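Here's the structure we're looking at; comments come further down.
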Amino acid sequence: MAIPTVRYVENADAKIAYGVVEPANVTGPSICLIASTGRGPEDFVELAEALAEAGFLVLLPWPRGTGGSVGPMDTVDFHDLAADAAAVIEAEPHPNGCIVAGHAYGCWIARTMTQDRPDLIDGLVLIAAGGGTWPAELSQAINVAMSPDQPEEARLDALRLAFFAPGNDPRPYLTGWSGDLVLAQRAARGRTDRDSWWPSGSAPVLDIVGLQDPFRPADARDVYVNEFPGRVTLVTVDGASHALPDELPDTVAREIVKWVDETLS
């Protein structure tokens, strides 16, 4: 499924492509969806359509080096990547405010934007955010899953281990990876001072977690509730893992809409 409308915006020496999914009638806030490690906003198409049906204007930026987005990748940190998404938000009108949502790695960038640009962001949504640390085998599973040189069955096994709950089809994640982007994103994490983004501003937070997500085991389920008391609404979803927005897009959309109605309205 293709993203219907693509636009471009400049951010310093970068040019960022972004998709737009517009509702027939804008009744909710805008939402900017930031993709996970090595992947683009194509993973969000079904989620974006469900949110648009609920009246949200949905913005879908491509990371640098993918989907028409270009710019330096060998010197960037979280703040540069957050500024790319912020430029996308600033390029569009938001009569009902704007929230930002990150998926997995994208949660770090969404949190950085909420820290750096509180003037733009009314709420923060974390989708399949990791618990802070995880077994090395999960990072290795990412390497196997994204590698076209690996046997397909090995890649599917890696996807089942790290991304998809039992019974969910991992094949959509056989495509859509950028190895160069993964390297740039991992290096960006190393360049970024944790204290410069970790507080995540002061906006309300929705934390949506798949119960089968190995990056967020039961003993790490309350990590953000405890870290940011009074700000975080934790929602758990059965039947989903780390690929949560692809596995259960309608459920994720429903939880976002409910949270906006109850928290931001």
Side-chain angles (χ1 to χ4, degrees), residues 7-22 26 28-37 40-41 44 48 51 56-67 69-73 75-127 129 181 184-185 188-208 224 227-228 230-233 256 259-260 263-265:
R7 298 172 185 161
Y8 297 86
V9 65
E10 293 185 358
N11 173 43
D13 50 359
K15 183 178 181 180
I16 304 302
Y18 65 99
V20 182
V21 181
E22 300 182 76
V26 177
S30 302
I31 182 168
C32 180
L33 300 175
I34 302 177
S36 64
T37 302
F44 293 133
L51 289 168
F56 288 53
L57 173 68
V58 186
L59 305 176
L60 302 163
W62 275 272
R64 297 184 187 201
T66 67
S69 289
V70 295
M73 296 176 65
T75 59
V76 296
D77 62 13
F78 281 2
H79 300 282
D80 298 308
L81 302 179
D84 290 345
V88 169
I89 291 174
E90 290 187 294
E92 300 290 334
H94 310 290
N96 300 316
C98 186
I99 62 179
V100 61
H103 172 213
Y105 181 100
C107 292
W108 291 332
I109 307 307
R111 291 175 61 184
T112 304
M113 192 200 311
T114 308
Q115 176 72 16
D116 290 350
R117 295 299 307 271
D119 56 308
L120 292 180
I121 305 301
D122 299 297
L124 168 64
V125 180
L126 308 178
I127 306 173
L181 177 59
Q185 289 173 325
R189 184 185 183 191
R191 292 189 192 98
T192 309
D193 177 7
R194 182 180 182 275
D195 292 341
S196 72
W197 64 272
W198 184 263
S200 312
S202 59
V205 181
L206 172 62
D207 181 18
I208 312 177
Y224 299 114
E227 183 72 17
F228 305 113
R231 287 178 60 190
V232 179
T233 301
I256 292 173
W259 174 75
V260 166
T263 306
L264 302 184
S265 299

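None of these values were measured; they are calculated from a predicted model.
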Check for a donor-acceptor pair, side chain of [X] on one end and backbone N or O of [Y] on the other, with a separation under 3.5 Å.
X    : Y    : result
D77  : D80  : yes
T114 : G123 : no
Q115 : G201 : yes
H94  : I89  : yes
R111 : W197 : no
S36  : A104 : no

What pair of heavy atoms forms the shortest contact from [X] to [Y], and how long is it?
X    : Y    : result
T192 : S196 : CG2-OG, 3.8 Å
A91  : V9   : CB-CG2, 4.0 Å
S69  : A17  : OG-N, 2.8 Å
P63  : G40  : CD-CA, 4.2 Å
W198 : Y224 : CH2-CE2, 4.1 Å
A35  : P41  : CB-N, 4.1 Å

[atom1]-[atom2] distance between [X] and [Y], expressed to the nearest 0.5 angstrom:
X    : Y    : atom1 : atom2 : result
I121 : C98  : CD1   : SG    : 5.0 Å
R64  : I16  : CZ    : CD1   : 5.5 Å
I31  : I256 : CD1   : CD1   : 4.0 Å
I34  : W62  : CD1   : CH2   : 14.5 Å
L206 : L126 : CG    : CG    : 7.5 Å
D84  : H79  : CG    : NE2   : 13.0 Å

Starting from the C-alpha separation in whole Å, work towards a yes-or-no answer on side chain to side chain contact (heavy atoms under 4.5 Å, CB included) for S200 and L124.
CA-CA 9 Å; S200 312; L124 168 64; 4.2 Å; yes
For a side chain to side chain contact (heavy atoms under 4.5 Å, CB included) with L33, tell me which candidate from L59, V100, V58 qualifies.
V58
Are P204 and T233 packed together at the side-chain level, in the sense that at least one heavy-atom pair is separated by less than 4.5 angstrom?
no
Would you call L81 and T112 a side-chain contact if the rule is heavy atoms closer than 4.5 Å?
no
Considering residues at least two apart in sequence or located in another chain, which fulfil the side-chain contact (heavy atoms from CB on, under 4.5 Å) criterion with R7?
T5, Y18, V20, E22, E92
Is there a side chain to side chain contact (heavy atoms under 4.5 Å, CB included) between W259 and I99? Walk through the geometry before answering.
CA-CA 11 Å; W259 174 75; I99 62 179; 4.3 Å; yes
Go through the steps to decide whether F56 and V260 satisfy the test side chain to side chain contact (heavy atoms under 4.5 Å, CB included), and finish with yes or no.
CA-CA 11 Å; F56 288 53; V260 166; 4.0 Å; yes
Return the orientation label for the Y105 and W108 ring planes: parallel under 30°, perpendicular over 60°, tilted otherwise.
perpendicular
Begin with the C-alpha distance, continue with both residues' side-chain angles, and end with the deciding distance and a verdict on side chain to side chain contact (heavy atoms under 4.5 Å, CB included) for F78 and D116.
CA-CA 10 Å; F78 281 2; D116 290 350; over 6 Å; no
